[in-house]
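To find a chain, count down the sequence lines: A is the first, B the second, and so on, and within it residues start at 1. What you see is a predicted model, and the numbers here were worked out from it, not measured in a lab.
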Amino acid sequence: MYDFKKIEEKWRNYWQENNTFYTDVWDFSKPKFYALDMFPYPSGVGLHAGHPEGYTATDIVSRMKRMQGYNVLHPMGYDSFGLPAEQYAVTTGNHPNGFTEDNIKIFTNQLKLLGFDYDWSKEVRTSDPKFYKWTQWIFKKLYEDGYAKYIDMPVNWCEELGTVLSNDEVIDGKSERGGYPVIRKNMKQWVIDQAAFAEKLLEGLEEIDWPESTKEMQKNWIGKSIGAGVTFKIKDTNKEFKVFTTRADTLFGATYCVMSPEHELVDSITSKDKKEEVAAYKKECAKKSDLERTELNKDKTGVFIGAYAINPVNNDEIPIYISDYVLATYGTGAIMAVPAHDDRDYEFAVKFNIPIIQVLEEEIGTAKESEEKNKAIVAIVYDPKEKKYLTIKTKNNENVLIDEIREENESALNCALRSIIEKTGYTDLKLIEEKFKISYHYQYNKKNYHSEVTPVLFELQSEKRKDSNKENNIEWLSLEETQKQLKDELHIKSLEYILNPNAMSGDGTHINSEFLNDMKKQEAIDTMISWLEEKGVGSRQINYRIREWIFARQRYWGEPMPIVYLENGDIHVLDDDELPLTLPELEDYKGHGGKAPLENANDWKQYNHNGIKGVRETSTMPGSAGSSWYFLRYIDPHNDKEFADQKLLKHWLPVDLYIGGPEHAVGHLLYSRIWNRYLYDKGLSPVKEPFKKLVHQGMILGSNGIKMGKRYPEFVINPTDIVNEYGADTLRLYEMFMGPLEASKPWSDQGVEGASKFLDRIYRLYTSGKIKTEENKNLSKIYNQTVKKVTEDFETLNFNTAISQMMIFINAVYKEEVFPQEYAEGFVKLLNPVAPHITEELWEKLGHHKTIAFEPWPTYDESLLVEAEKEIAVQVNGKVRATIMINVNDEEDVIKEKALQEENILRHTAGKEIIKVIVIKGKIVNIVAK
RNA sequence: GCCUGCGUGGUGGAAUUGGUAGACACGUUGGACUCAAAAUCCAAUGGUACUUGUACCGUGCCGGUUCAAGUCCGGCCGCAGGCACCA
């Protein structure tokens, strides 16, 4: 085994002493490449197995780009504000800075052991005042431009952590860290208005090369919905309220309204006799934490408040309810409810016995000219004892449900009963429900009909029958059998309606809707909105789900807010020359009674500047503040005049490749886009989108296939152990060879062995004396193929297949006596990005005295990739029966002839007629024979 | 429930744009070297059958398009991640 310890240490020192990877950011003579890793939080436990994966990927690309002549920026730093350091401070009474620095040292040493080409002179730390000065400065700008605000709002409050949390820090009503319960509470809060950027953020997604799933997540998070605001007057008052709806077309089906319990009008419009009930319900809701609200959402609750709204389209008086299924924080906090066409409203209406008016009919078949109209039913009879459905067997041996055309003035119910008795004889039936009508177009005896069909459900009460000679054609089937047997679309749809306790929320044709009748959904929406605008009772409106980003935490270890509350009640933001506002040392780092720890800093809190007195804000910024812009600072990390020089930003942005875990899909990656977009709008960032290409590395699982973690400590892999046992090159090679970068994949100790063996094999080959300054034609094709494949695969981040190609090449070289110097050098360059230490050593052994890092990337000769002769497959009826050697220039008929002469082909075509011979040049021959 | 992605040997995974499924690696088996072992090198390795060359089967399941489907289309099943009363 080669002495990886000695070699790796030698080259680690070489790179450090020679400043090999220092990037001169002012050198604009070469094209730039900015490769970025998501910087880690320096926790006490050091790197885990997943870190080297993403970091090696960017390292490979940045090393290749450097060799291809780019000026590469590949920096690293630390997201060093955070909870573990805070807890350390609370328990020991020491300032968290020392703890943080110790951890950073451990991290840095581990990262250096792995041989990454980071330019450490560019390192940033979010907890460094020189860095957070500019975090505060950007916040200040956001405040001055009205994007950062101090408002009263409901927040996610976590009692155990003693702080407010943002939505993405709350999972299932529990805190992301620690899993403590989170409740809603009204508090005065510093927030950033994210919704103001919603449209720009959505537009930006169009132009970036990101995983589709991440873009989709951000889209959902932003949650744009286009609809209408509609004003409802309240009966017997001069008050009115507005609702938001995406289904303005269903206004004629609105049979009640719902306000959230927190709606400002509720108290003033509740009727006297309902006051008590309403107050009780409101109290109940206020008590509920978010957890309870989501856990109990199965069952709808609410109360009628005794007031009525006037539906603006038909002046109908409809009752107003309050219910916690309407959220105070979305839209206007009030809705119009259309139970026929909204699942939630349907559930509520059924429970509270509110009328359901259908205003759209689903369409089966297509409308034809001169249709005759009629009404009909589909009757479904269910036997609850046997759990079976009644069907009729037709002459064609098909099972159908009972259908019937209604006579004039006959109700659906009567028609259904009549038909069941006539066709089956059963008489003891109980009506369960009539479901939504279906618009059915059909042809019968060459005439076109348009039928309005009502599905009706009955339960069989007893076996009583009027007439039993129908015995032969009826059949009781289980639900599964019924669904399998039914062929008629109308019957299938009718059964589906009856089975599902849902509203009809799809598209259809309008009914019961005056001027909207016969229109489809979208046309009706547009028509209705125009109508509302004309009458002045509504307008087109867009809503976003994205809320304010709560930008303050009641914690110590974060950026202090540059905010002072003055004696006169004004808010003062610190002047530029007062920044950075640094954290004071404290006696006591614990917040008491939900107060921020900085409340304990009595001297620091008091503000007195040029005779102006006030008290400082004691909350600090959230963890994601610094990480929202750190990638800008790397470009010019020591600048104390501005957050980065504009000329440098212009040259280096956007980030060309950003790799990090998918867990940041909506948090960090959205916040960063917001901050950058804000700076772009102000002319302080040159690009709309900061990260041109984003890739998420998959998780590395334990060898048991389960996520590494505290649950199965025996399966946790520490990368430093692997480096000690096998070397950094082996670890890097193995992690890149495991599988596709984005996939989650289990660790395998034997896989590591394999990677180690491959490097050994290479080392032996290079020290075997086979390398000669001679040619070896046997290797020219495979060498050129390898250069091409590796280059392309590195570019597209398919490292596993690049490595497999390198293995194929080495296997081929082992079979040869002569390994030409030229190829040996080229191969070392190809391998260098993956295994930088051993390749530097081999490069030296090949007679070079300078680092390989800037050597030109190997090129390949396209003409050497194609061979004169090629083996292709010959198929008979799609099955491979032989392979033949062909000349690349062979004409089709030559190939055809060759194929037809093959012994095995003759055997398979014997006695058959050859119908067609398909020859795909250079690929395959397929003979169709019968 | 909705959105996104994924289902290929004993294992991790390859497979161009529809054109010889299983590259490469691990594991296993056999051989060489060795007093022996390790390491290394060589060979075999999807399943079944026999005569060792060939046949049949084979990319979650069912169906379709095509000369040809892991790949495209329709319908299921399963797994992973995300969202979840957003009107």
Side-chain angles (χ1 to χ4, degrees), chain A residues 1 171-172 211-221 223-225 227 243-247 250 258 260 293-294 296-298 300 323-327 329-338 341-345 347-348 502 543-547 662-663 665-666 696 698-699 703 705 734 737-740 742-755 757-758 760-761 764 792 798 800-811 814-815 871-883 904 907-908 915-929:
Chain A
M1 196 172 183
I171 293 160
D172 284 340
E212 212 44 55
S213 58
T214 304
K215 288 204 219 176
E216 201 59 36
M217 259 192 246
Q218 293 212 349
K219 258 183 223 167
N220 293 341
W221 194 261
K224 178 179 184 174
S225 60
V243 304
F244 174 73
T245 177
T246 55
R247 293 295 305 273
T250 60
V258 189
S260 73
R293 276 204 190 190
T294 46
L296 300 176
N297 79 25
K298 312 279 180 285
K300 296 262 179 299
S323 171
D324 66 0
Y325 87 87
V326 173
L327 306 175
T329 44
Y330 183 77
T332 60
I335 62 156
M336 66 174 204
V338 185
H341 303 288
D342 181 282
D343 288 340
R344 293 150 300 172
D345 298 345
E347 191 193 334
F348 191 87
N502 293 334
N543 262 350
Y544 300 96
R545 259 174 72 173
I546 194 167
R547 312 273 161 82
E663 65 274 17
V666 284
H696 298 302
M699 210 185 312
S703 50
Y734 170 62
F737 185 58
M738 286 173 90
E742 292 98 323
S744 291
K745 44 222 169 245
W747 184 267
S748 155
D749 291 329
Q750 282 162 336
V752 181
E753 291 273 358
K757 275 199 252 176
F758 178 57
D760 246 335
R761 208 164 134 84
R764 277 199 310 275
E792 286 171 358
N798 296 117
N800 55 332
T801 49
I803 292 165
S804 109
Q805 181 64 40
M806 290 195 263
M807 288 170 169
I808 292 169
F809 177 71
I810 291 299
N811 289 344
Y814 257 80
K815 293 192 169 66
E871 190 194 46
I872 64 165
V874 183
Q875 300 181 327
V876 179
N877 292 331
K879 286 191 176 170
V880 181
R881 298 301 181 187
T883 55
N904 207 33
R907 193 140 45 107
H908 280 276
I915 295 168
K916 205 170 10 165
V917 179
I918 291 151
V919 180
I920 309 294
K921 251 190 142 183
K923 280 191 174 164
I924 204 160
V925 180
N926 192 8
I927 299 159
V928 186

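The separation between A:L327 atom CG and B:C85 atom P is 7 Å, rounded to whole Å. Here the C1' atom of nucleotide B:C67 and the NZ atom of A:K921 are 20 Å apart, to the nearest Å. Rounded to an integer number of Å, the gap from A:D324 CG to B:A87 P is 17 Å. Distance A:D343 CG to B:C85 P: 14 Å, rounded to the nearest Å. Atom-to-atom, CZ of A:R907 to P of B:C56 comes out at 10 Å; the value is rounded to the nearest Å. Atom-to-atom, NZ of A:K215 to P of B:G82 comes out at 21 Å; the value is rounded to the nearest Å. Rounded to whole Å, atom P of B:G81 lies 8 Å from atom CE of A:M699. Put simply, CD on A:E347 is 12 Å from C1' on B:G1, counting in whole angstrom units.
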Q. Please, what dot-bracket string fits RNA chain B when only Watson-Crick and G-U pairs with both distances under 3.5 Å count, crossing ones use [ ] and pairs to another strand use |?
A. (((((((..(((......[....)))((((((.......))))))(((((..)))))..(((((..]....))))))))))))....

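Base orientation of B:G9: syn, the glycosidic angle falling within 90° of 0.
When all heavy atoms of A:V928 and A:N877 are compared, the closest pair comes out as CA-OD1, 3.4 Å. The minimum heavy-atom distance between A:T883 and A:A873, with the atom names listed, is CG2-CA, 4.2 Å. Scanning all heavy atoms of the two residues, the minimum distance from A:G331 to A:F244 falls at CA-CB, 4.4 Å. Nearest heavy atom pair, residue A:I872 against residue A:K923, reads CB-O, 3.5 Å.
At distances below 3.5 Å, not a single donor-acceptor pair connects side-chain atoms of A:N800 with backbone N or O atoms of A:M738. At least one donor-acceptor pair closer than 3.5 Å links the side chain of A:D345 to the backbone N or O of A:V338.
For B:C85, the base has a donor-acceptor partner in the side chain of A:K300 [N/O atoms by modelled type, under 3.5 angstrom].
Going from the P atom of B:C77 to that of B:C61 covers 15 Å, rounded to whole Å. Comparing the P positions of B:C24 and B:A43 gives an interatomic distance of 11 Å, to the nearest angstrom. Here, B:U48 and B:U40 have their P atoms 30 Å apart, quoted to the whole Å. Taking atom C1' in both B:C72 and B:U59, one finds a spacing of 16 Å when rounded to whole Å. With both ends at atom C1', the span from B:G82 to B:G13 equals 26 Å, rounded to whole Å. Here the separation of B:A25 from B:U45, taken at their P atoms, is 14 Å to the nearest Å. Between B:G5 and B:U51, the distance separating the two C1' atoms is 49 Å to the nearest Å. For B:G46 and B:A14, the C1' atoms lie 15 Å apart once the distance is rounded to whole Å.
Close to B:A87, at under 4.0 Å from its OP1 or OP2, lies a side-chain N or O of A:S225. Using a 4.0 Å cut-off, some side-chain N or O of A:R764 falls inside it from OP1 or OP2 of B:C41. Remark: A:N502 is not in phosphate contact with B:G1, judged by side-chain N or O atoms under 4.0 Å from OP1 or OP2. Residue A:R881 places none of its side-chain N or O atoms closer than 4.0 Å to OP1 or OP2 of B:G53. Residue A:H908 places at least one side-chain N or O closer than 4.0 Å to OP1 or OP2 of B:A55.
Under 3.5 Å, the side chains of A:R761 and A:N811 contain a donor-acceptor pair of N or O atoms.
A:R764 is listed as a side-chain neighbour of A:Y814, based on a closest heavy-atom distance under 4.5 Å. The shortest side-chain heavy-atom distance between A:N220 and A:M217 does not fall under the 4.5 Å cut-off. By the 4.5 Å heavy-atom criterion applied to side chains, A:F758 and A:Y734 are not counted as neighbours.
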Q | Where protein sits on nucleotides 6-31 of chain B, one letter per nucleotide: B base, S sugar-phosphate only, - none, heavy atoms under 4.0 Å | A | ------BSS----BB--BBSSS----

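For the pair A:K300 and A:F348, the cation-pi criterion (under 6.0 Å, within 45° of the ring axis) is not fulfilled.
Among the heavy atoms of the strands lying under 4.0 Å from A:E216 are primed sugar atoms or P, OP1, OP2 only; no base atom is included. Using a 4.0 Å heavy-atom cutoff across all strands shown, A:D760 reaches no nucleic acid atom at all.
Each of A:G223 and A:S213 was matched to the nucleotide of RNA chain B holding its nearest heavy atom; the match closer to the 5' end belongs to A:S213.
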